[in-house]
Amino acid sequence: VEKYTKFVKERSEIELNYARQIRNLSKKYQPKKKEEDDNKYTWCRAFHSTLNELNDYAGQHELIAENMTSQIIAELTRYAQDIKTERKAHFHDGRKAQQQVEASWKQLESCKRKFERDCKEADRAQQYFEKLDADINVTKADVEKARQQAQMRHQMASDSKNEYSSCLQKFNQEQNEHYYTIIPNIFQKIQAMEEKRIERMGGSLKTFAEVDRQILPIIGKCLDGITQVAESIEPKNDSSQVIESYKSGFEPPGDVEFEDYGQAMKRTVSETSLTNSRSDNKADRSSKGKSKTLWPFIKKNKVTHTANVPPSLQSPSKATPLNAYTLTDVLIGRTFLDTHWLSVLLSVSSQGSNPEDFSHLPPEQRRKKLQAKIDDINKDVQKEMDQRDALTKMKEVYVKNPQMGDPNSVDPRLAEIAHNIEKLQAEAQKFEGWLAEVEGRMPVKSDPPKRTSVLYETQNSTPPTNNNCAQDRESPDGSYTEEPSSEVQSKVQPETAESGDEFDDADEEMLPTIGTCKALYPFEGANEGTISVVEGELLYVIEEDKGDGWTRVRRNEEEEGYVPTSYVEVFLDSNAKGAITYI
């Protein structure tokens with residue numbers, strides 16, 4: 001019984017450890033707070049349901065251990081104590097019966113020895129009497145005395161014989177009762193106890209199996225639940241969710257207009273041209289070499305070394321902001337980021353560098369973010385209104401029943417709630433204005449836009465690598481540039497009023513130039529407020545780096561914006577404030 005109890009204890013410990021490991025596994029893979037957005041996908045919900053079912057599965061194994069402890073271990077522990085007590089009692093009865101037999105035997109032996117001794121004494125007394133009786137020299141008194149002594153000895157021998165006979169009869173009776181009644185009864189009790197123990201062991205083994213069998217239906221339900229959620233996965237729905245979550249809202253650019261080079265005339269600037277020629281005075285400088293253009297679909301050689309990697313991606317002190325890269329660049333490794341720098345950039349981005357109006361996002365994503373923000377604010381407003389209504393009713397109750405409370409004690413809280421509602425409504429109005437602006441700017445799918453701005457092209461083009469290979473300097477029409485480092489980009493035609501300005505700086509007062517700069521690396525300026533540059537391009541500096549890693553430059557009267565300081569070499573005028581050369 002004790003051995004089997006120990007076995008069940010170890011089995012229970014195994015079940016508890018297994019359940020604990022299953023629970024830890026389920027807890028380890030439970031969705032984190034930052035992964036809550038993934039819960040909208042069916043495969044993600046199915047996995048979370050699987051973890052929950054696995055948690056229930058672990059609970060059933062804990063139930064096995066609990067039932068084994070209560071139904072087997074506890075019962076067998078008590079039963080083992082009872083068996084010990086009962087067996088001890090039986091052994092005590094056996095030893096007592098044996099002692100009684102041995103005492104009776106000792107008494108019989110004592111009576112036997114006494115009878116033997118008395119018989120010998122009687123024989124000697126009789127012989128002594130006969131000897132004296134035969135001797136003529138002995139007096140009659142001595143003979144009479146010897147005769148009486150012999151008779152007394154014979155009487156004692158007769159009494160000892162009767163006593164020995166009685167003890168023998170008693171011993172035989174007790175011995176017969178001992179071996180035919182008492183000891184068999186004790187053995188029968190021990191046998192019954194052993195049979196009961198064996199039967200109890202069989203019942204425990206059966207309980208051992210039943211404890212496992214009882215949880216099988218629930219475990220089957222857990223497995224059925226996992227199967228059901230697996231069958232509920234909808235790949236098409238999930239892919240549609242991804243498309244809905246990440247679509248930008250941008251319309252594809254219009255067709256590129258034909259430019260006739262066959263006529264012997266000066267080339268004019270076209271709004272749809274990808275070359276974006278500069279004005280006539282800068283066209284003369286481009287005669288030394290054809291202007292370099294950021295062609296969006298030119299095949300690039302894969303860079304395997306960091307020799308041409310911009311310094312900003314090699315040094316943490318000049319790290320390029322995360323919004324300087326596109327999602328495609330990050331995914332295909334075009335930004336030369338390793339895991340460490342990607343985590344650094346993501347941490348920088350998560351520290352609140354995004355603007356409040358979500359202007360760094362594409363139109364569709366920005367609209368969703370603004371709408372979600374407005375919904376959250378409206379929920380907060382509704383909560384505040386509910387609190388206001390409750391406090392108002394409380395105040396009315398206090399006014400009717402002054403003994404319940406002071407009506408004036410509610411006024412500070414009402415004033416605070418009114419202030420919060422006013423503040424939230426103002427914030428909601430602000431976000432609604434931005435939402436209206438986004439919805440007003442979003443293009444209509446039935447009216448595809450044309451290429452009217454070089455800025456749009458550079459934002460949607462793939463940034464070229466700094467390999468200086470012939471393929472990188474070849475345009476779609478087959479033109480080739482020998483010296484890319486000394487090339488200057490052609491002047492961009494001013495955007496028309498119908499095309500819409502990307503920046504809000506057009507109405508601001510034009511800042512004076514404080515120096516010049518030369519682009520060391522190409523930058524596509526994919527985010528609002530930035531400007532695209534090509535390698536070797538000369539620009540005017542209108543605002544130096546204020547410690548945030550960005551320098552404000554101007555290309556012409558119509559185009560200005562920010563570029564990474566580590567991408568340009570700045571030459572400030574000697575009379576400018578803090579004249580420093582940045583490399």
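Since the model is a prediction, treat every value here as computed from it, not as a measurement.
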For a 4.5 angstrom cut-off between non-hydrogen side-chain atoms, does [X] reach [Y]?
X: Ile374; Y: Leu435; answer: yes
X: Arg552; Y: Tyr562; answer: yes
X: Trp550; Y: Pro564; answer: yes
X: Ile514; Y: Glu544; answer: yes

Test item: [X] side-chain N/O and [Y] main-chain N/O as donor-acceptor pair under 3.5 Å:
X: Asn55; Y: Leu51; answer: no
X: Arg554; Y: Leu511; answer: yes
X: Arg555; Y: Tyr540; answer: no
X: Asn401; Y: Gln403; answer: no

May I have the step-by-step check of side chain to side chain contact (heavy atoms under 4.5 Å, CB included) for Asp411 and Lys395, ending in yes or no? CA-CA 8 Å; Asp411 292 339; Lys395 183 177 181 181; 2.7 Å; yes
Which value, rounded to the nearest 0.5 Å, describes the distance between [X] atom [atom1] and [Y] atom [atom2]?
X: Gln425; Y: Asn420; atom1: CD; atom2: CG; value: 11.0 Å
X: Ser26; Y: Leu54; atom1: OG; atom2: CG; value: 5.5 Å
X: Thr513; Y: Glu543; atom1: OG1; atom2: CD; value: 13.5 Å
X: Leu538; Y: Cys517; atom1: CG; atom2: SG; value: 8.0 Å
X: Asp376; Y: Glu427; atom1: CG; atom2: CD; value: 10.0 Å
X: Thr392; Y: Leu414; atom1: OG1; atom2: CG; value: 5.0 Å

Closest heavy-atom contact between [X] and [Y]?
X: Glu356; Y: Phe431; result: O-CE2, 3.7 Å
X: Ser409; Y: Tyr398; result: OG-CE1, 4.5 Å
X: Lys221; Y: Glu53; result: O-OE1, 4.5 Å
X: Leu370; Y: Asp357; result: CD2-O, 3.9 Å
X: Arg23; Y: Ala58; result: CG-CB, 3.7 Å
X: Arg413; Y: Leu391; result: CG-CD1, 3.1 Å

Residue pair Thr42, Asp238: steps toward the side chain to side chain donor-acceptor pair (under 3.5 Å) verdict: CA-CA 6 Å; Thr42 58; Asp238 289 347; 2.7 Å; yes
Determine, step by step, whether Tyr567 and Leu520 satisfy the side chain to side chain contact (heavy atoms under 4.5 Å, CB included) criterion, reporting the C-alpha distance in whole Å, the side-chain angles of both residues, the deciding distance to 0.1 Å, and the verdict. CA-CA 5 Å; Tyr567 273 49; Leu520 301 176; 5.9 Å; no
Verdict with reasoning, Asn52 to Gln30, per side chain to side chain contact (heavy atoms under 4.5 Å, CB included): CA-CA 9 Å; Asn52 295 332; Gln30 284 293 334; 3.6 Å; yes
Looking at [X], I'd like to know if its [atom1] atom is crowded, meaning that more than 12 non-hydrogen atoms belonging to other residues, nucleotides or ligands lie closer than 6.0 Å.
X: Glu416; atom1: CD; value: yes
X: Gln429; atom1: CD; value: no
X: Lys430; atom1: NZ; value: yes

Taking 4.0 angstrom as the limit, do Glu537 and Lys518 come out as a salt bridge?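 The answer is no: the pair does not qualify as a salt bridge.
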Is it the case that the side chains of [Y] and [X] hold a donor-acceptor pair, with the cut-off being a distance below 3.5 Å and no angle test?
X: Thr551; Y: Asp545; answer: no
X: Asp224; Y: Gln228; answer: no
X: Asp375; Y: Gln371; answer: yes

Anything under 30° is parallel, anything over 60° is perpendicular, the rest tilted; go ahead and classify Tyr41 against Trp43.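 The rings of Tyr41 and Trp43 lie parallel, inter-plane angle below 30°.
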Using the ring of each side chain (for Trp, its six-membered ring), is Tyr29 parallel, tilted or perpendicular to Phe47, with breaks at 30° and 60°?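 Ring orientation of Tyr29 relative to Phe47: perpendicular.
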Qualifying residue for side-chain contact (heavy atoms from CB on, under 4.5 Å) with Leu539, from Val553, Val568, Asn556: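 For Leu539, the side-chain contact (heavy atoms from CB on, under 4.5 Å) test succeeds with only one of Val553, Val568, Asn556, which is Val553.
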Could you list the residues that satisfy side-chain hydrogen bond (donor to acceptor under 3.5 Å, both in side chains) with Gln21, not counting sequence neighbours?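 Partners of Gln21 by the side-chain hydrogen bond (donor to acceptor under 3.5 Å, both in side chains) criterion come out as none, since no residue qualifies.
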Residue pair Arg366, Phe358: steps toward the side chain to side chain contact (heavy atoms under 4.5 Å, CB included) verdict: CA-CA 6 Å; Arg366 184 185 180 193; Phe358 306 105; 3.9 Å; yes
